[in-house]
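Encoded as structure tokens, the structure appears first; notes follow it.
Below, chain A is the first sequence line, B the second, and so on; all start at residue 1. Please read these numbers as outputs of a predicted model, since none were measured by experiment.
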Protein chains: 2
Amino acid sequence: MQTEDCIFRALADPSRRAIFERLTLGEAAVKDLTARFAISQPAVSQHLAALRNAGLVRARREGRLVYYEVEPRGLSPLVDWISNYQAFWKERLQRLEQLLEKMEP
Amino acid sequence: MQTEDCIFRALADPSRRAIFERLTLGEAAVKDLTARFAISQPAVSQHLAALRNAGLVRARREGRLVYYEVEPRGLSPLVDWISNYQAFWKERLQRLEQLLEKMEP
DNA sequence: ACTTCATATAAGTCGTTGCTTATACATTGG
DNA sequence: CCAATGTATAAGCAACGACTTATATGAAGT
């Protein structure tokens, strides 16, 4: 859980991404999400479980309602993954700059 | 094609992500990838097609060999998506984006 | 306690996907 | 031209994933 794999798979589904994007605007209860999206309540709950399993959202119970909100640092594994390949561009950029320097004189 | 959806789906598969990560180390022909990964050559070709369809890699034919390499700006839709929904990382990502901008021919 | 409302889980269905083998296409060398 | 090599596509299959309906759990009001 909470691995890159989970995150990529969680965000690969359009419905789930839409739910996540909705949650970035602010917390919402399951019934709100169910009302807004054209899928059944169990489908919403399943999507939320996948997002939570990926560490992207967290749940808070309040009476009968369960509010979901974005986990603030949930996307950082994704950012880290991308940043790992920053080295790829850095290296290429350096080579390019070296080339330009040699052409300078 | 080349939409967020494609990119997320492309990177959701571990084998495909591994191939992409290998390509960030440098270009490789299909036969090299086939030798390195424990899946058949058609499977590799199919993964490469998915990555290319997502705009993450590009192919160059050289004789009978087909070399695949990372598309430099391929990850930027992902970066854009993240920065849209997580203002917290915007600064860090902007640095990455600036790096990518410099790669533009 | 019973009913109602909100959510989660179970079970089943159906389309998708990642793999395989077999085959077609493309390029090079004899 | 033919054989060999490298890659892509086709067809089929087993596993997975996203959805459904039905049911279980949990909490509040009467």
Subject >> Whole-Å distance separating the CG atom of B/L33 from the P atom of D/dA8 >> reply: 10 Å
**OP:** Could you check how far CZ of A/F37 sits from C1' of D/dT20, rounded to whole Å?
**Re:** 19 Å
Original post:
Would you say B/L75 and B/L11 make side-chain contact, with heavy atoms under 4.5 Å?
Top reply: yes
Original post:
Could you give the distance from CG (A/D13) to CZ (B/R9), rounded to the nearest 0.5 Å?
Top reply: 9.5 Å
**OP:** Specify the separation, in whole Å, of atom CD1 of B/I39 and atom P of C/dG18.
**Re:** 11 Å
Subject >> CG on A/L23 to CG on A/L33, rounded to 0.5 Å >> reply: 5.5 Å
Is there any protein nitrogen or oxygen under 3.5 Å from a nitrogen or oxygen in nucleotides 7-14 of chain C, and what are the pairs?
{"from": "C/dT7", "atom 1": "OP1", "to": "A/V30", "atom 2": "N", "distance (Å)": "3.1"}
{"from": "C/dT7", "atom 1": "OP1", "to": "A/V66", "atom 2": "N", "distance (Å)": "3.3"}
{"from": "C/dT7", "atom 1": "OP2", "to": "A/K31", "atom 2": "N", "distance (Å)": "2.6"}
{"from": "C/dA8", "atom 1": "OP1", "to": "A/Y68", "atom 2": "OH", "distance (Å)": "2.6"}
{"from": "C/dA8", "atom 1": "OP2", "to": "A/S45", "atom 2": "OG", "distance (Å)": "2.6"}
{"from": "C/dA8", "atom 1": "N7", "to": "A/Q41", "atom 2": "NE2", "distance (Å)": "2.9"}
{"from": "C/dA8", "atom 1": "N6", "to": "A/Q41", "atom 2": "OE1", "distance (Å)": "3.4"}

Subject >> OG-CD1 distance between A/S76 and A/I7, expressed to the nearest 0.5 angstrom >> reply: 7.5 Å
Subject >> Sub-4.5 Å side-chain heavy-atom contact between B/V57 and B/R52 >> reply: yes
Original post:
Between CD1 of A/I19 and OH of A/Y68, what distance do you get to the nearest 0.5 Å?
Top reply: 10.0 Å
Original post:
To the nearest Å, how far apart are B/D5 CG and C/dT16 P?
Top reply: 13 Å
Subject >> Straight-line distance of A/L48 CG to A/F20 CZ, nearest 0.5 Å >> reply: 12.0 Å
Subject >> Value rounded to 0.5 Å, distance of CG in B/L65 from NZ in B/K31 >> reply: 6.0 Å
**OP:** Using a cut-off of strictly less than 4.0 Å between a heavy atom of the residue and any atom of DNA chain D, enumerate the qualifying residues of residues 12-19 of chain A by number.
**Re:** A/D13, A/S15, A/R16
Original post:
Can you find a side chain N or O atom of A/R9 that sits less than 4.0 Å from OP1 or OP2 on D/dC16?
Top reply: no
